[in-house]
Protein chains: 2
Amino acid sequence: METDQLIIPKATAKRLPLYYRFIQNLYQSGKQRVSSAELSEAVKVDSATIRRDFSYFGALGKKGYGYNVQYLLSFFRKILNQDEITKVALIGVGNLGTALLKYNFTKNNNTKIVCAFDANQEKVDQKFGDITVYPMDSLEQILSTEEIQVVILTVPAPVAQLVTDRLAKTGIKGILNFTPARLTVPSNIRVHHIDLAVELQSFVYLIKHYSNEEVVVGD
Amino acid sequence: METDQLIIPKATAKRLPLYYRFIQNLYQSGKQRVSSAELSEAVKVDSATIRRDFSYFGALGKKGYGYNVQYLLSFFRKILNQDEITKVALIGVGNLGTALLKYNFTKNNNTKIVCAFDANQEKVDQKFGDITVYPMDSLEQILSTEEIQVVILTVPAPVAQLVTDRLAKTGIKGILNFTPARLTVPSNIRVHHIDLAVELQSFVYLIKHYSNEEVVVGD
DNA sequence: CATAGTAGGTGAATATGTTAACAAAAATAA
DNA sequence: TTATTTTTGTTAACATATTCACCTACTATG
């Protein structure tokens, strides 16, 4: 919440959860130490990039040895706020929304979808595990009482901006937008687009127009 | 398919489908011309970036006028191969897989999921529109006869690499990987990861650690 | 036809990200 | 202990991407 003094490059920040997950696996499998080379093999990120990423947080490893798995794990847990769960709401319980509700984000993760909203009366009051679907009327009220900061938006594209305008008046900090709409938001709200059609289409473009110089993994 | 002479920066390539979709909207709404500033407002990409992106394809616009919508549209249609549909297969008809099957990619899009696969006998032979679910046994055979080049992978993480190894022996060119597994593939196959848990978690990290210097949209 | 205004294309500056290469330090082996 | 190997952390080179700022060409107007 506090404006951190230590600013990590965005590209690095995006890889942190990936590192965290893999370090967890290592720990669970009983491994004591790991080198940047091994990690690289597993997460498909260049080992120099991994060392550079880690080095933003100081000297986490030991020369000639590598990184201590348990130490790394506890360090990343702190960095990624794993102890404090971030509450998330999901708006739009359609096909994708439902899939995300059933997706167990909390596993290996500090985020949890705690409530959902839908305009369709038939979907209201449905339950997905311990998540209840509420009517759109109650949006502002519940977001406020639940103190929700992040919203996953999976509504139909034509209403995306309308819903966003309502969200803009709440205490929301970020919108993870799965709709194709490019949202207009006030500057205190951050938007991250995951546009599945664009992802698929640009992937196809890449495949058709670039000879395989090299295996490209990740973004 | 041919090793294109004209190589566009990857960052630009990823934005092309976005531009295309918006130009389509403009065209359908009867607009004749558009400036990079207007486009910028709509797709939330800096206008200079848009002009630079377009300029890789030559001079598409006219100074003092902007871009002709119809011309842009037909140009991008060609660029993005909109006339030839790319066949896609989906493997793993779980929650997310099902959502993607119901997602109408073909609308505004040159890609179509033509078949699906699942290991669960109960899901085999189900129909989603005109898409049939086949058993995993028939994977290689159907991918080959359907001449499929791109696969969407939505299987459970523990079997992702196993399925990938089978895919590696087919004529597949690309895997759109929605599983958390980081796949090992031969160099003739391209992988693009969309890791929803990582996306959510790194988004939360961003929100918590970066003061809102500016609204950040997109990747 | 002249003039004011608009808006694309692009060189140059800046910003961001990745990677090779290597010195230093620690681990390991002999 | 000493030599050898391993592996980090980091400098410097490189690669990619974004943005500014401006020139130029065209449009629109009177």
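Worth saying up front: this structure is predicted, and the values here are computed from it rather than measured. Order of the sequence lines sets the chain letters (A, B, ...), proteins ahead of strands, with each chain counted from 1.
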Check the distance between [N]'s [atom2] and [X]'s [atom1] and give it to me in whole angstrom.
{"X": "A/Leu60", "N": "C/dA26", "atom1": "CG", "atom2": "P", "value": "16 Å"}
{"X": "A/Lys63", "N": "C/dA25", "atom1": "NZ", "atom2": "C1'", "value": "6 Å"}
{"X": "B/Asp46", "N": "C/dA7", "atom1": "CG", "atom2": "P", "value": "16 Å"}
{"X": "B/Glu38", "N": "C/dG8", "atom1": "CD", "atom2": "C1'", "value": "14 Å"}

### Message
According to side chain to side chain donor-acceptor pair (under 3.5 Å), who are the partners of A/Thr49, at least two apart in sequence or on a separate chain?
### Response
none
Residues two or more places apart in sequence or in another chain: which of them pass ring-ring contact (aromatic ring centres under 6.0 Å, His included) with [X]?
{"X": "A/Phe54", "value": "A/Tyr19, A/Tyr67, A/Phe76"}
{"X": "A/Tyr103", "value": "A/Phe105"}
{"X": "B/Tyr65", "value": "none"}

Side-chain donor-acceptor distances from residues 155-163 of chain A under 3.5 Å, at least two apart:
| from | atom 1 | to | atom 2 | distance (Å) |
| --- | --- | --- | --- | --- |
| A/Gln161 | OE1 | A/Thr184 | N | 2.9 |
| A/Gln161 | NE2 | A/Asp165 | OD1 | 2.8 |
| A/Gln161 | NE2 | A/Thr184 | O | 3.0 |

### Query
Which part of the nucleic acid does B/Ser47 contact within heavy-atom distance under 4.0 Å: base, sugar-phosphate only, or nothing?
nothing
### Message
Test of understanding: with side-chain contact (heavy atoms from CB on, under 4.5 Å), list the residues that count as partners of A/Ala168, not counting sequence neighbours.
### Response
A/Pro186, A/Ile189
### Message
My understanding is that only residues two or more places apart in sequence, or in another chain, count here; which of them pass side-chain contact (heavy atoms from CB on, under 4.5 Å) with B/Ala48?
### Response
B/Asp46, B/Arg51
### Whichever of A/Val45 and A/Lys62 has its nearest DNA chain C nucleotide further upstream toward 5'
A/Val45
### Side-chain N,O (B/Ser36) to OP1/OP2 (C/dG8) below 4.0 Å
yes
Residue pair [X] / [Y], side-chain heavy-atom distance below 4.5 Å:
{"X": "B/Val151", "Y": "B/Leu176", "value": "no"}
{"X": "B/Leu96", "Y": "B/Thr98", "value": "no"}
{"X": "A/Ile91", "Y": "A/Thr154", "value": "no"}

## Note on the structure
Min and max contacting nt of DNA chain D in 5' to 3' order, chain A heavy atoms within under 4.0 angstrom, are D/dT6 to D/dA12
#### Entry: Within residues 52-59 of chain B: residues closer than 4.0 Å to DNA chain D (heavy atoms)
B/Arg52
### Message
According to salt bridge (Lys or Arg N to Asp or Glu O under 4.0 Å), who are the partners of A/Arg166, at least two apart in sequence or on a separate chain?
### Response
A/Glu140
Please write out each protein N/O paired with an N/O of nucleotides 28-30 of chain C under 3.5 Å, distance rounded to 0.1 Å.
| from | atom 1 | to | atom 2 | distance (Å) |
| --- | --- | --- | --- | --- |
| C/dT28 | OP1 | A/Arg33 | NH1 | 3.1 |

### Query
Between A/His209 and A/Tyr205, how do the two ring planes meet: parallel, tilted or perpendicular, split at 30° and 60°?
parallel
Review item, nucleotides 15-17 of chain C N/O atoms under 3.5 Å of protein N/O:
| from | atom 1 | to | atom 2 | distance (Å) |
| --- | --- | --- | --- | --- |
| C/dG17 | OP1 | A/Ala11 | N | 3.3 |

### Query
Would you say the side-chain atoms of B/Ser40 pair up with the backbone N or O of B/Val45, donor to acceptor, closer than 3.5 Å?
yes
